[in-house]
Structures are given as structure tokens and as C-alpha cells.
Amino acid sequence: ITFLAEVRNFGPQTVSGRQAEFFVDGARAGDASVDVESGGAAAVSFTHRFEDAGEHTVEVRLADDPLLVDNHRWLSMPVRESIRVLCIRGKPGAAEHVAYALSPSQSDRPRVRPEVVVESLLLELDLSQYDAIFLCNVGRFGRDEANVLRQYLAGGGGLVTFLGDQVQSENYNEMLGGESSEERVLPAKLGEAAFSQSPISIDPLRYVHPIVRPFEGHPQSGLITTPIWKYIRLAPYDPQQVRTAAALTGGDALIVEETIGRGRSILVATAPSNESIHRGPEGTTPWTTMALWPSFPPLVQEMLALAVSGRNENRNVMVGDELSATAPPSAGQSLTLIGPGDHRERIVTSMEEGRRRWSFANVDLSGLYHANYDSTRAAQVFAANVDPRESDLTRIDPETLPSQFSQTIEAAAEETPVAALARPRQEWFRWFLGAVLLLMLTETCFAWWIGNRAAR
């Protein structure tokens with residue numbers, strides 16, 4: 001993996017030869033020297049190959065300057081032996097092209113391990129064991145199936161849904177849709193199916209989205225020449241949150257995605273294989289031959305990369321944020337969180353949607369936090385960093401401050417007459433305290449006098 005660190009200089013002078021050191025799991029892994037102009041930025045990078053799966057950490061250290069707190073940057077890097085992907089097919093042949101695109105090589109240690117199953121196994125498998133799920137032309141879903149997919153997204157899983165000739169749009173909208181992001185599984189509502197006798201091409205929308213960005217500058221990759229004859233029109237539930245990765249030349253969306261829960265849901269408006277057939281008066285036509293195009297394997301792999309990104313997003317937070325995670329299935333009811341400054345705290349887990357979860361809100365120090373699960377001897381590592389914007393110590397012009405920062409109090413203080421400042425402050429509480437003491441003494445003397453008279 002190649003790590004890229006940006007070094008910014010908020011000072012008034014150019015910094016020359018600033019040393020940056022890289023550490024992996026606490027061991028020095030490389031260094032670099034960087035020059036940064038005043039008010040500018042420079043990038044330094046290094047490459048590291050992880051040989052073992054497990055919890056890993058990366059740290060970047062800059063040579064000390066007067067502001068020490070932002071000279072360190074940590075990154076939590078959970079590394080897996082391979083990525084497990086569940087491909088669910090709605091008809092024979094619907095998922096085979098996807099599985100091959102995910103793992104085209106015949107390696108003994110594949111980076112991606114796809115598993116193709118029929119749709120009836122959705123409720124029988126432990127979905128938490130899979131990093132991503134690809135739904136390939138599945139016809140319909142029951143309420144229980146929709147619930148397990150919803151829980152899977154809430155836990156940080158990635159879901160990619162390809163449509164096709166088996167799909168029942170009304171069932172999808174009823175079971176997988178919803179106006180609230182907490183209710184829905186899909187980012188868009190399914191509309192009517194559209195068919196064109198002449199093939200429609202893909203519009204990458206200026207290659208802005210991460211799924212299609214790697215295709216920029218490669219017109220021969222086949223992405224923009226992929227023929228599509230039939231698709232289902234998509235209407236995003238929340239246009240402010242749903243992003244369109246690619247469209248069709250007619251303007252309709254082809255690939256849309258949204259962060260739902262802690263996971264990512266990607267929806268593709270057409271089929272994942274040439275097994276989906278449109279039958280009309282003119283004969284039979286495949287929905288698309290996308291799966292046979294050279295752009296299909298990299299396109300599917302980019303979808304996978306985005307889909308699994310939600311798995312580790314909560315591992316790296318800012319100071320002031322909250323740490324939260326799902327405990328391993330065999331974890332107990334509590335864990336020990338060890339943080340910077342010898343911080344150690346016992347945290348109780350709670351059951352949420354069938355999974356044990358925990359949270360820690362007092363992230364007030366930058367550094368690494370280790371969550372140790374006693375019952376499983378497992379651990380998760382989290383990294384907390386200061387917001388880089390706080391490194392800018394430039395004085396702020398009062399004119400640019402929001403109106404809430406009023407200068408009325410300061411102005412009133414400046415207009416206070418000098419005579420008023422020179423006048424001695426009258427501390428009435430001293431007179432009051434003296435009166436109370438005198439009253440207590442008088443009461444004591446009076447009681448003594450009454451007592452003596454009674455004794456006589």
C-alpha cells in the first residue's frame with residue numbers, strides 16, 4: 001500500500017528540509033525530506049507491503065516545531081488475508097461474470113474470495129462473515145430478508161445490487177425502499193423499465209466519482225462504449241445524499257450509491273450478465289453485454305473497493321469524535337479500552353440489531369486506542385488525530401467573525417469614565433458580617449444575664 005501524507009506550512013517562512021519519518025507497527029519503515037513554502041503544502045509518500053493479516057498501525061512523525069501536537073499522525077490499518085464476497089444469483093448465470101470479475105486470477109492466495117449461492121440461502125448464512133454482498137438479478141425479497149440486509153448495512157457491510165429481468169420493482173420499493181435512511185436498503189426507488197432498439201452508451205459524468213475515476217484518460221478501456229439496451233429507471237430517495245457515479249447518454253442514472261448506516265449501498269440499473277433478455281416484437285435482445293466488455297472487471301472491482309470502505313471508516317477519527325464499533329461475535333459483555341496517556345477504562349457492550357456494540361465519547365487525546373476483548377483475546381485498534389485546521393494560528397480579522405461575536409461588551413468597557421474606575425469599591429458584605437457577629441454576641445450576653453437572675 002502506498003501512503004500519502006500532506007504537509008502544510010501555516011508559518012510566514014519557507015520550511016526547508018523538514019524531516020518526515022514513517023513507522024509501521026512502531027518500527028521505522030522509511031523517511032523523507034520535504035520543502036514547504038509559506039502558506040503552501042507538499043506531499044510525501046512511502047510504500048509498504050503487509051505480509052501478515054491482522055491489526056496494523058501507521059504513524060507519520062515530523063521534526064519538532066513549537067506546535068508539537070500536530071507533528072504526529074496515526075492511521076489504523078486492519079489487514080485481512082482476503083476479502084470475502086457473497087454473490088447471490090436470482091437465476092442461473094446471473095452472478096458468474098461478477099464472481100470472475102472479482103477474482104480473475106487463479107492464485108493460491110486470492111485477494112478476493114467470491115462465493116456464488118442461490119437466493120434462498122440469504123437467511124441461512126452468517127452475513128457478518130462477508131465484507132460485501134452482490135445481489136445479481138434477484139427477483140423479490142421477503143420481510144426477513146430485507147431486515148438482515150438492513151442490519152448488514154448498519155454494521156458497516158457493503159451491498160451492490162444489479163437489476164435484471166427477474167426483478168419485481170414494486171417488491172423492491174416496498175421491502176428495500178423507504179424515505180428514511182434508517183429504513184431503506186437501496187439508495188433509489190425503482191421505476192419503469194426502459195428499452196431502446198439502438199444501444200445506449202455510458203456517460204461517466206466527467207469521471208468525478210471514485211467508481212469511474214480510474215477510467216479517466218483511458219478511452220480504449222471500453223467503459224464509454226459499453227452497449228446497454230434495457231435498464232430500470234432510478235429515482236434517488238435523497239438527492240442530497242445519493243451520488244450518481246455514472247449515467248446513460250439519455251440522462252438517466254446508471255450507477256448510484258449512498259452511505260446507509262455504517263455501510264455503503266450501490267445500485268446498478270441494468271443486469272450483471274447477458275442472461276437477462278428483453279422479448280419484444282422485434283425479437284430477443286439482451287439487456288446489456290456489459291459483462292463481456294473489458295471494462296467490466298475493473299468497474300466491478302472499483303464498486304467493491306467503495307462498498308467495503310465503510311468497514312474501517314470508524315477506525316480513524318478526529319479528537320472530539322466518538323469511538324464506536326461492533327464487537328466480535330464471541331466477545332463478552334465488556335472490554336478494556338487503552339488509550340494515550342495511560343488511559344484505561346472498562347466499557348460495557350450493548351445489543352443493537354442482533355450485534356454487540358460499544359462506544360466511547362471521551363476522545364480528548366490524539367494517538368492510538370486499543371480495544372481489548374478479554375473473552376476472545378481479540379483487539380481492535382483505533383487512531384485519533386487532531387483536526388489539521390486547528391494548526392492554522394493565523395490571527396483572525398474581527399471583521400470576518402460571525403455576528404454572534406459581538407464587540408458590545410468591549411466597547412462599553414472602553415467608554416467607562418475614569419472617575420468610575422478610580423472610585424473605591426464598597427464591600428457591603430463586611431458591614432453585614434459585622435452586624436451578624438454583634439447580634440450573636442449580644443444574644444449570648446443576654447442569655448447569661450437572664451440565667452443569673454433566675455438562679456438568684
Side-chain angles (χ1 to χ4, degrees), residues 85-90 94-95 98 119 122-123 125-128 130-164 166-194 209-211 231-247 252-272 303-311 313-314 324 326 351-355 357:
V85 181
L86 181 64
C87 301
I88 301 177
R89 60 177 175 86
V98 170
E119 56 184 303
L122 180 59
L123 293 177
L125 298 173
D126 181 8
L127 301 186
S128 64
Y130 297 94
D131 299 286
I133 299 175
F134 278 71
L135 302 176
C136 303
N137 196 13
V138 177
R140 57 181 292 113
F141 294 89
R143 195 166 301 279
D144 292 339
E145 294 170 324
N147 287 334
V148 298
L149 291 176
R150 194 174 293 109
Q151 293 174 10
Y152 178 75
L153 281 172
L159 181 67
V160 181
T161 305
F162 280 91
L163 304 180
Q166 298 289 106
V167 170
Q168 300 180 21
S169 297
E170 292 184 2
N171 173 266
Y172 270 58
N173 294 334
E174 180 182 358
M175 294 298 172
L176 306 183
E179 295 301 325
S180 170
S181 60
E182 298 179 354
E183 302 173 356
R184 61 175 175 266
V185 172
L186 298 180
K189 183 178 182 179
L190 274 57
E192 60 181 6
H209 196 276
I211 290 179
Y231 62 95
I232 295 178
R233 289 194 168 96
L234 306 178
Y237 284 107
D238 187 350
Q240 300 297 325
Q241 300 296 328
V242 177
R243 297 194 299 170
T244 301
D252 288 333
L254 176 65
I255 305 173
V256 297
E257 60 90 4
E258 180 186 14
T259 299
I260 298 179
R262 283 175 287 271
R264 186 93 62 169
S265 179
I266 303 172
L267 178 60
V268 186
T270 193
M303 291 181 190
L304 174 64
L306 183 64
V308 301
S309 62
R311 285 281 187 177
E313 281 186 351
N314 64 331
S324 62
T326 301
M351 294 297 295
E352 296 181 15
E353 298 181 339
R355 302 185 183 203
R357 292 195 56 81

Quiz prompt | Main-chain N/O of Lys189 paired with Asn173 side-chain donor or acceptor, under 3.5 Å | solution = no
Quiz item: Does the Arg89 side chain pair with the main chain of Asn137, one donor and one acceptor, at a distance under 3.5 Å?
Solution: no
Less than 4.5 Å apart, side chain to side chain, heavy atoms only: is that true for [X] and [Y]?
X	Y	answer
Val185	Tyr152	no
Arg233	Ser169	no
Glu145	Glu119	no
Leu234	Asp252	no
Glu174	Arg143	yes

To the nearest 0.5 Å, what is the distance between [atom1] on [X] and [atom2] on [Y]?
X	Y	atom1	atom2	result
Gln168	Arg140	CD	CZ	5.0 Å
Asp144	Met175	CG	CE	9.5 Å
Ser324	Arg262	OG	CZ	5.5 Å
Ile232	Glu192	CD1	CD	10.5 Å
Leu306	Arg264	CG	CZ	4.5 Å
Leu176	Arg150	CG	CZ	7.5 Å

Show the nearest heavy-atom pair for residues [X] and [Y], with the distance to one decimal.
X	Y	value
Ser181	Glu258	CB-OE2, 4.4 Å
Tyr130	Val85	CD2-C, 3.9 Å
Val138	Ile88	CG2-O, 3.8 Å
Asp126	Ser128	OD1-OG, 2.7 Å
Gly178	Glu183	CA-OE1, 4.2 Å
Ala95	Cys136	CB-SG, 3.8 Å

Quiz prompt | Leu159, Thr259, Val242, Thr161 screened by side chain to side chain contact (heavy atoms under 4.5 Å, CB included) with Pro187, the one that passes | solution = Val242
Practice problem: Start with the C-alpha distance between Leu186 and Val256, add both sets of side-chain angles, then the distance that settles side chain to side chain contact (heavy atoms under 4.5 Å, CB included), and finish with yes or no. | Solution: CA-CA 9 Å; Leu186 298 180; Val256 297; over 6 Å; no
Practice problem: Step by step, work out the side chain to side chain contact (heavy atoms under 4.5 Å, CB included) result for Val160 and Val98. | Solution: CA-CA 11 Å; Val160 181; Val98 170; over 6 Å; no
Quiz item: In terms of ring plane angle, is the pair Tyr172 and Phe141 parallel, tilted or perpendicular, where the classes change at 30° and 60°?
Solution: perpendicular
Exercise. Apply side chain to side chain contact (heavy atoms under 4.5 Å, CB included) to Phe162 and Met303, showing your working.
Key: CA-CA 11 Å; Phe162 280 91; Met303 291 181 190; 4.0 Å; yes
